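We count ligands from 1, going down the list as the structure has it; atoms in each ligand are counted the same way. Since we're looking at a predicted model, the values are computed, not measured.
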Amino acid sequence: MLTVLVGNIKGGCGKTTIATHLAVAFALSGMATSLADCDRQRSSLNWLRRRGDRVPLIRGLDWSRGIDETAGTADRLVIDAPAAMRHKAVEELIAIADIVVIPVLPGAFDEDASAYFLKKLGEVKAVRKHKRVVAVVGNRLRANTRASIHLDRFFEGLGFPVITRLRDSQTYPMLAAEGGTVLDSRDRRAREHAADWQPLLRLIGIDS
Ligand SMILES: Nc1ncnc2c1ncn2[C@@H]1O[C@H](COP(=O)(O)OP(=O)(O)O)[C@@H](O)[C@H]1O
Ligand SMILES: [Mg+2]
């Protein structure tokens with residue numbers, strides 16, 4: 001089983017958006033996929049409920065009270081990390097993850113919080129010894145704005161370059177409200193947005 005953890009210390013940076021998209025990407029590629037929700041707000045599980053029985057099917061796991069490794073027979077597990085990840089929770093979750101995806105938003109406050117999180121992450125032994133793939137994903141970006149350029153330089157400087165840039169678009173909350181993603185929507189604009197995801201999808205082993 002390949003496990004992808006989506007986490008950051010900051011709320012609202014796009015953890016649930018990215019976790020749900022990655023689960024759809026894996027499931028679309030024919031993998032048996034589970035989505036574990038660690039957040040008390042259960043946003044991923046609520047999204048899954050809104051999805052109903054739409055294909056591709058994704059199995060939801062409630063990890064809001066802690067890690068439950070009876071995830072079973074899935075080929076792929078995506079973990080939506082808890083809102084405020086304390087150091088202990090970070091270590092426990094990283095222990096079972098192969099790839100750690102970190103959504104980051106532009107702006108000084110978010111960049112500072114993410115820098116702190118990356119520093120803590122770097123102290124975890126498995127990360128320090130390069131046994132985990134760490135992928136920083138820029139979210140809610142407007143191309144060629146100063147904020148977007150700053151974000152790129154900032155994370156480059158920390159040694160964690162931004163590998164994927166997702167644009168700021170109301171299509172994301174719109175689709176989330178109906179249990180959808182840009183990766184499995186027929187909407188023309190959503191299909192355009194889907195191209196933004198390619199570098200991240202390649203990194204997690206999906207070629208399309
Ligand atoms: N690229 C984006 N463009 C516009 N809105 C976005 C984007 N990514 C996330 N959002 C919206 O921002 C809010 C927070 O995102 P969410 O994925 O729930 O973050 P988290 O799980 O980290 O709290 C949600 O309403 C979501 O739909
Ligand atoms: Mg969330």
Side-chain angles (χ1 to χ4, degrees), residues 4-25 34-51 58 60-67 77-86 89-90 93 97 99-107 109-118 120-121 134-145 147-148 151-152 155 162-185 187-201:
V4 180
L5 169 67
V6 185
N8 195 341
I9 204 165
K10 196 95 160 98
C13 59
K15 289 184 297 294
T16 300
T17 301
I18 292 180
T20 52
H21 277 71
L22 297 187
V24 165
S34 293
L35 176 59
D37 194 345
C38 300
D39 198 338
R40 295 230 174 94
Q41 290 179 22
R42 307 175 94 248
S43 308
S44 277
L45 294 177
N46 287 333
W47 169 85
L48 209 46
R49 188 174 41 73
R50 290 197 293 276
R51 230 177 134 70
I58 296 162
L61 304 171
D62 186 349
W63 285 15
S64 58
R65 287 164 189 215
I67 297 173
L77 172 66
V78 180
I79 306 172
D80 186 0
M85 265 179 103
R86 283 165 296 106
V90 177
L93 286 168
I99 302 172
V100 186
V101 174
I102 304 170
V104 299
L105 295 179
F109 299 147
D110 282 279
E111 286 168 5
D112 287 346
S114 298
Y116 175 80
F117 182 70
L118 283 166
K120 289 288 167 203
L121 197 67
V134 176
V136 171
V137 174
N139 191 23
R140 306 197 68 164
L141 297 176
R142 288 159 197 253
N144 302 319
T145 55
S148 172
L151 184 95
D152 265 333
F155 287 101
V162 175
I163 67 136
T164 291
R165 293 165 192 80
L166 305 175
R167 74 190 83 180
D168 189 19
S169 163
Q170 284 312 300
T171 301
Y172 284 102
M174 248 174 54
L175 288 172
E178 55 186 50
T181 68
V182 305
L183 302 178
D184 65 345
S185 167
D187 179 77
R188 182 186 53 80
R189 195 167 297 155
R191 285 212 306 273
E192 278 170 31
H193 296 2
D196 294 349
W197 291 79
Q198 284 314 312
L200 179 60
L201 298 185

Point to revise | Numbered atoms and elements of ligand 1 in range of D168, under 4.0 angstrom, heavy atoms | key: 3 (N), 4 (C)

Exercise for review: Within a distance under 4.0 Å of any heavy atom of R167, pick out the atoms of ligand 1 and give their elements.
Suggested key: 1 (N), 2 (C), 3 (N)

Rounded to the nearest 0.5 Å, how far does [atom2] of [Y] lie from [atom1] of [X]?
X	Y	atom1	atom2	answer
R189	T171	CZ	OG1	5.5 Å
I102	L5	CD1	CG	8.5 Å
S34	I58	OG	CD1	9.5 Å

For [X], which part has a heavy atom under 4.0 Å from ligand 1: side chain, backbone, both, or neither?
X	result
A176	neither
N139	side chain
L166	neither

Would you mind checking which non-hydrogen protein atom is closest to [atom], with the distance to 0.1 Å?
atom	result
atom 25 (O) of ligand 1	P173 CB, 4.4 Å
atom 23 (O) of ligand 1	G12 N, 2.9 Å
atom 19 (O) of ligand 1	G14 N, 3.1 Å
atom 18 (O) of ligand 1	T16 CB, 4.0 Å
atom 26 (C) of ligand 1	T17 OG1, 3.8 Å
atom 3 (N) of ligand 1	S169 N, 2.9 Å

Before signing off on this row, confirm whether [X] and ligand 1 have an N or O atom pair separated by under 3.5 Å.
X	value
K10	no
Q170	no
G11	no

Review point. What do you reckon, is CZ of R50 surrounded by more than 12 foreign heavy atoms closer than 6.0 Å?
Key: yes

Exercise for review: Decide if atom CD of Q198 counts as having more than 12 heavy atoms of other residues, nucleotides or ligands within a radius under 6.0 Å.
Suggested key: yes

Review point. Residues in side-chain hydrogen bond (donor to acceptor under 3.5 Å, both in side chains) with T181, at least two apart?
Key: D184

Review point. Would a distance-only check, ignoring hydrogens and angles, find a side-chain to backbone donor-acceptor pair under 3.5 Å from W47 to G180?
Key: yes

Practice item. Taking D168 for its side chain and R142 for its backbone only, find out whether a donor-acceptor pair lies under 3.5 Å. Key: no

Check your understanding: Is there a donor-acceptor contact under 3.5 Å linking the side chains of S114 and N8?
Key -> yes

Review point. Thinking salt bridges, do D37 and R42 make one under a 4.0 Å N-O criterion?
Key: no

Practice item. Tell me, please: is S43 in heavy-atom contact with ligand 1, that is, under 4.0 Å? Key: no

Check your understanding: Which class fits the ring pair H21 and Y172: parallel under 30°, tilted 30 to 60°, perpendicular over 60°?
Key -> tilted

Practice item. Going by heavy-atom distance to atom 13 (C) of ligand 1, choose the closest among R140, Q41, H21. Key: R140

Exercise for review: Check whether any side-chain heavy atom of I79 lies under 4.5 Å from a side-chain heavy atom of C38, and answer yes or no.
Suggested key: yes

Check your understanding: Can you list the residues that meet the side-chain contact (heavy atoms from CB on, under 4.5 Å) rule with S185, with sequence neighbours excluded?
Key -> L175, D187, A190

Review point. Quick one: side-chain contact (heavy atoms from CB on, under 4.5 Å) partners of T164, sequence neighbours excluded?
Key: V137, L166, P199, L200

Revision key, fill the gap. Within the 2.8 Å cut-off the protein N, O or S neighbours of the Mg ion (ligand 2) are T16 OG1

